[in-house]
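Please read all numbers here as calculations on a predicted model, not as lab measurements. Just so it is clear: chains get the letters A, B, ... in the order the sequence lines come, proteins before strands, and each one is counted from 1. For the numbers below, each heavy atom of this structure counts, side chains included, while hydrogens, waters and symmetry mates do not.
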Amino acid sequence: MSIPRNPTEKQRNFFQEVHEVVRLVPAGRVTTYGAIAHYLGARHGARMVGWAMMAAHTAHAYVPAHRVVNRNGLLTGRQHFASPTAMQEALEAEGTAVQEDQVVDFKRLFWDPLAELE
DNA sequence: GCCTTGACCATTC
DNA sequence: AGAATGGCCAAGG
């Protein structure tokens, strides 16, 4: 983990942390904004995590945002993808069943950074 | 420089 | 048990 030295780096650090956690999510698993927020200390609020994901769209590094869903397992961010079905297809391509815009057995496929990375 | 919105979650009524 | 509201931080208008 890098220590924020410059104010500009501080902001980037926030995105970088979120992106890093998302990148650590193995294929076939999904995580939630709240889990990431809680992993970062739950002080930022889950909203910031989702907002950081929006920034991930502009990030140079590839971020598997399709593995990040809301607490209900609903693909809330699918509308922000290149295509509204890109997220679902990406999940299905990894072996994650998606139906009715929500992950099947989401609770089982849920990947908690706090529990896994500990 | 103040106000609104935002890929959300948890608590309370 | 379902619905409404507040909270969190940041950026854009």
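Note that the first and last nucleotides of DNA chain B, 5' to 3', having any atom under 4.0 angstrom from a heavy atom of chain A are dG6(B) to dA10(B).
The distance from atom CG of Asn72(A) to atom P of dA3(C) is 13 Å, rounded to the nearest whole Å. Taking atom CZ on Phe14(A) and atom P on dA10(C), their separation rounds to 8 Å, with Å as the unit.
Taking a 4.0 Å limit (strictly below) on heavy-atom distances, residues 81-100 of chain A reaches DNA chain B at Phe81(A).
In this structure, Arg71(A) reaches the sugar-phosphate backbone alone: every heavy-atom distance under 4.0 Å involves primed, P, OP1 or OP2 atoms, never a base. Within the nucleic acid shown, Ala65(A) comes within 4.0 Å of at least one base atom, counting heavy atoms only.
Between Arg71(A) and Tyr33(A), the closest side-chain pair of non-hydrogen atoms is not below 4.5 Å. The side-chain heavy atoms of Val68(A) and Val30(A), taken from C-beta on, include no pair separated by under 4.5 Å.
Checked by atom type and distance alone, the side chain of Thr32(A) pairs as donor or acceptor with a backbone atom of Ala35(A) at under 3.5 Å. Distance alone, capped at 3.5 Å, is enough to place a donor-acceptor pair between the Thr31(A) side chain and the Trp111(A) backbone.
His66(A) and Glu94(A) share a donor-acceptor pair across their side chains, judged by distance under 3.5 Å alone.
Rounded to a whole angstrom, the distance from the P atom of dG6(C) to that of dT5(B) is 15 Å. Only the C1' atoms considered, dA4(C) is 22 Å distant from dA7(B), to the nearest whole Å.
Distance check: Ile36(A) CD1 to Met48(A) CE gives 13.5 Å after rounding to the nearest 0.5 Å.
Of the listed residues (Leu75(A), Leu109(A), Val104(A)), just one forms a side chain to side chain contact (heavy atoms under 4.5 Å, CB included) with Leu91(A), and that residue is Leu75(A).
The nearest pair of heavy atoms linking Val22(A) to Ala65(A) is CG1-N, 4.3 Å.
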